[in-house]
Amino acid sequence: MHALSRLAPDVRQYLLVTGNYWAFTLTDGALRMLVVLHFHSLGYTPLQIAALFLFYEIFGVVTNLVGGYLGARLGLNCTMNIGLGLQVAALLMLTVPAAWLTIPWVMGAQALSGIAKDLNKMSAKSSIKLLVPDSQQGTLYKWVAILTGSKNALKGVGFFMGGALLALLGFTGAVLAMAAVLALIWLASVVLLKKDLGKAKAKPKFRDLLSKSRAINLLSAARLFLFGARDVWFVVALPVYLSSVLGWDFWMVGGFLATWVIGYGMVQAFAPSITGKASGQLPDGRAAFAWAAVLAGVPALIAMGMGSAWPVQWVLIGGLLVFGAVFAVNSSLHSYLIVSYAKADGVSLDVGFYYMSNAAGRLLGTLLSGWVYQAYGLEACLWISSAFVLLAALISIGLPRHRAAD
């Protein structure tokens with residue numbers, strides 16, 4: 001605590017925001033794995049388990065929109081702390097006796113967790129805009145990439161943590177332990193986080209929720225299709241295919257996907273180096289189009305590879321690694337662009353609107369993943385993924401050009 005107090009105020013706030021985000025992400029990833037493993041052991045099918053997370057995605061759409069408004073009116077410290085508190089409540093909802101853990105009850109807990117996650121993410125991403133001077137765009141890109149990449153890497157660690165806690169403490173004990181630790185972090189955040197961070201000077205009106213610049217509208221539309229393209233095959237279709245067609249057991253599927261998420265997060269953190277920041281280049285609309293165009297070809301190649309004489313398992317694994325690396329760069333680049341485009345005064349309004357599109361894309365992808373896979377198979381999901389990324393690339397053509405790195 002003494003070392004923290006000696007740091008510059010902006011750095012101290014950044015570390016507090018990042019620490020909150022990390023702690024939340026660990027519990028978010030662990031909770032998802034706990035629910036998946038526990039209800040799988042009770043005999044639920046993969047599609048039934050996916051349905052448990054439906055409200056998690058639906059409420060994310062609404063939360064990002066309204067949460068941005070609340071962040072501008074109340075301050076980002078307030079929305080971040082509300083998110084932490086709601087996650088504690090969601091965890092405690094799952095500590096009830098086993099007979100109470102019906103599908104509606106668990107869906108309700110997941111809805112609360114989804115609200116908490118998007119409040120926390122919106123607050124963390126918006127805060128960085130306020131902690132880095134507008135003239136230091138290279139530093140902004142680096143900080144956003146580190147925050148985004150570390151979050152996804154820790155979500156993968158959370159998957160492993162959930163499995164370990166379930167083995168050591170059982171479902172109720174694991175959830176209760178996470179709730180207790182997160183409650184302590186929430187109390188520290190209430191005390192230490194700057195009180196007026198992100199509060200708009202002029203109180204925003206409700207109509208400001210949908211009043212955005214052309215750049216933000218275009219980037220949000222591209223984000224919707226980008227994340228729809230990932231989840232249309234990654235959320236339901238891929239795990240079910242690995243389990244039912246390739247014969248992987250549940251631990252193999254969960255372990256592989258957790259490792260994939262960790263690698264994905266690590267690439268995100270290094271995205272500034274990959275996209276040319278070291279040579280003085282910052283990503284702009286042209287970069288967003290180029291990287292999306294490259295990504296669009298990957299699911300199509302995987303689909304064609306599955307229809308060839310090559311071993312399907314190695315086509316999928318190799319394709320997943322390439323897709324994850326290129327998608328990570330696209331995601332990190334987008335995360336920087338929205339923070340850069342957003343207005344400093346009331347930044348959470350713009351960031352919340354953008355992540356509403358992100359949540360809508362995840363929801364669309366999740367719904368399509370189950371339906372398309374069940375009706376037409378994994379290859380159809382991959383072709384839809386490719387089409388979605390191509391749409392994101394075409395939308396990105398209209399994004400503005402940006403300035404050189406500092």
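Only heavy atoms go into these numbers, but all of them, side chains included; no hydrogens, no water, no symmetry mates.
- Taking the six-membered ring for Trp, F323 and Y264 have ring centres at least 6.0 Å apart.
- Between the side chain of S189 and the main chain of I185, no donor-acceptor pair closer than 3.5 Å is present.
- In terms of heavy atoms, E379 sits closest to A303 at OE1-O, 3.7 Å.
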### Query
Does the side-chain contact (heavy atoms from CB on, under 4.5 Å) test come out yes or no for Q87 and M178, once each step is laid out?
CA-CA 10 Å; Q87 181 74 342; M178 290 196 301; over 6 Å; no

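- The local environment of CE in M306 is crowded, with over 12 non-hydrogen atoms from other residues, nucleotides or ligands closer than 6.0 Å.
- Here the closest heavy-atom approach between residue L378 and residue L238 is recorded as CD1-N, 4.3 Å.
- The nearest pair of heavy atoms linking N330 to A288 is OD1-O, 4.2 Å.
- Taking every heavy atom of both residues into account, F24 and N120 meet most closely at CB-OD1, 3.8 Å.
- Although no hydrogens or angles enter the test, the distance criterion places a donor-acceptor pair under 3.5 Å between the side chain of T25 and the main chain of Y21.
- No side-chain donor-acceptor contact under 3.5 Å links T63 to the backbone of D118.
- Heavy atoms from other residues, nucleotides or ligands lying under 6.0 Å from CZ of F160 number more than 12.
- Defined by atom type and a distance below 3.5 Å, a donor-acceptor pair is present between the side-chain atoms of Q313 and W248.
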### Task
Go through the steps for I58 and L363 under the test side-chain contact (heavy atoms from CB on, under 4.5 Å), then give the verdict.
CA-CA 6 Å; I58 290 174; L363 175 61; 3.7 Å; yes

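- Judged by distance alone, with hydrogens and angles left aside, the side-chain atoms of S113 form no donor-acceptor pair with the main-chain N or O of Q110 at under 3.5 Å.
- Listed for the S369 side chain is a donor-acceptor partner under 3.5 Å among the backbone atoms of A237.
- Side-chain atoms of S396 come within 3.5 Å of backbone N or O of A392 as a donor-acceptor pair.
- A donor-acceptor contact shorter than 3.5 Å links the side chain of W105 to the backbone of M93.
- Few gaps surround CZ on F171; more than 12 heavy atoms of other groups in view lie less than 6.0 Å from it.
- Remark: side-chain polar atoms of D231 are not paired, donor with acceptor, to backbone N or O of F234 under 3.5 angstrom.
- In terms of modelled atom types and a separation under 3.5 Å, the side chain of S332 and the main chain of V329 share no donor-acceptor contact.
- The nearest pair of heavy atoms linking G285 to L399 is CA-CB, 3.4 Å.
- Across all non-hydrogen atoms, the minimal contact from G319 to V298 is O-CG1, 3.9 Å.
- Residue W260 qualifies as enclosed at atom CH2: its count of foreign heavy atoms under 6.0 Å is above 12.
- Residues W186 and N20 have side chains not in contact (no heavy-atom distance under 4.5 Å, counting atoms from C-beta outward).
- A donor and an acceptor atom, one from each side chain of Y56 and D28, are located under 3.5 Å apart.
- Checking W22 against S150 by side-chain atom types alone, a donor-acceptor pair falls below 3.5 Å.
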